[in-house]
Amino acid sequence: MPKESPNLAKDFYTIVYEIVEQIPFGRVTTYGAIANAIGSKKSSRLVGIAMNHSHEIAPNLPAHRVVNRSGILTGQHHFLGEKSMIKLLTDEGLTIENNHVQQFEHIFWDPLNEL
DNA sequence: GGCATGACTACCG
DNA sequence: GCGGTAGCCATGC
């Protein structure tokens with residue numbers, strides 16, 4: 001009798017990618033929120049690591065829509081260009097000030113609440 | 001199995 | 001609000 005949840009039956013990375021790729025246009029979420037949606041909010045670091053490998057496994061992943069709990073683009077230096085991540089977000093109608101997403105709470109997308 | 005790593009978060013002063 | 005510290009846990013060697 002398997003105890004694991006259907007979601008956790010897949011690899012941790014896979015779950016992260018499926019959630020991130022469902023983030024709506026012009027919205028952002030946090031690593032902690034994704035980890036919490038998976039079932040292990042403690043694993044927020046793993047979400048970040050999953051994003052780090054995402055360029056190999058899921059190159060089309062909107063990783064620029066994932067920021068830390070403060071709305072800061074911590075993964076900026078992992079992107080192709082440092083301005084790319086900001087440009088992508090600003091192109092979606094967001095306002096970025098010194099790597100910090102303005103109106104962050106307004107555009108925050110919670111996978112637990114919305115999914 | 002042990003140890004190091006990391007795109008995080010919470011707590012403390 | 002900011003810097004330092006601790007906890008967390010999947011992944012790879």
Contacts satisfying side chain to side chain donor-acceptor pair (under 3.5 Å) that involve residues 55-68 of chain A (not counting sequence neighbours) are A/H64-A/E92, A/R65-A/E92

So the salt bridge (Lys or Arg N to Asp or Glu O under 4.0 Å) pairs with at least one residue in residues 94-114 of chain A (sequence neighbours excluded) are none

Note: contacts of residues 103-115 of chain A with DNA chain B (heavy atom, under 4.0 Å) are none

Sorted by chain and number, sequence neighbours left out, ring pair (Phe, Tyr, Trp, His ring centres under 6.0 Å) with A/H53 holds for A/Y13

With sequence neighbours left out, the residues meeting side chain to side chain contact (heavy atoms under 4.5 Å, CB included) with A/V67 are A/L73, A/V101, A/F104

So salt bridge (Lys or Arg N to Asp or Glu O under 4.0 Å) across residues 23-52 of chain A, not counting sequence neighbours, yields none

Going 5' to 3' through nucleotides 8-13 of chain B and flagging B where a protein heavy-atom sits under 4.0 Å of the base, S where only the sugar-phosphate is that close, and - otherwise, we get BSS---

Sorted by chain and number, sequence neighbours left out, side chain to side chain contact (heavy atoms under 4.5 Å, CB included) with A/N52 holds for A/H78

Residue pairs meeting side chain to side chain donor-acceptor pair (under 3.5 Å), one or both in residues 15-26 of chain A, sequence neighbours left out, come to A/K10-A/E18

Between A/H53 and A/S43, whichever has its closest DNA chain C nucleotide further toward 5' is A/S43

Outermost contacting nts on DNA chain C, any atom under 4.0 Å from chain A heavy atoms, listed 5' then 3', are C/dG7 to C/dT11

In whole angstroms, the gap separating P of B/dA7 from OH of A/Y17 amounts to 13 Å

Taken in chain and number order and not counting sequence neighbours, the residues that satisfy side chain to side chain contact (heavy atoms under 4.5 Å, CB included) with A/T29 are A/I23, A/A33, A/I34, A/V66, A/F108, A/W109, A/P111

Sorted by chain and residue number, the side chain to side chain contact (heavy atoms under 4.5 Å, CB included) partners of A/Q103 (sequence neighbours excluded) come out as A/H106

Tightest non-hydrogen contact, residues A/F12 and A/S43, listed as CZ-CB, 3.7 Å

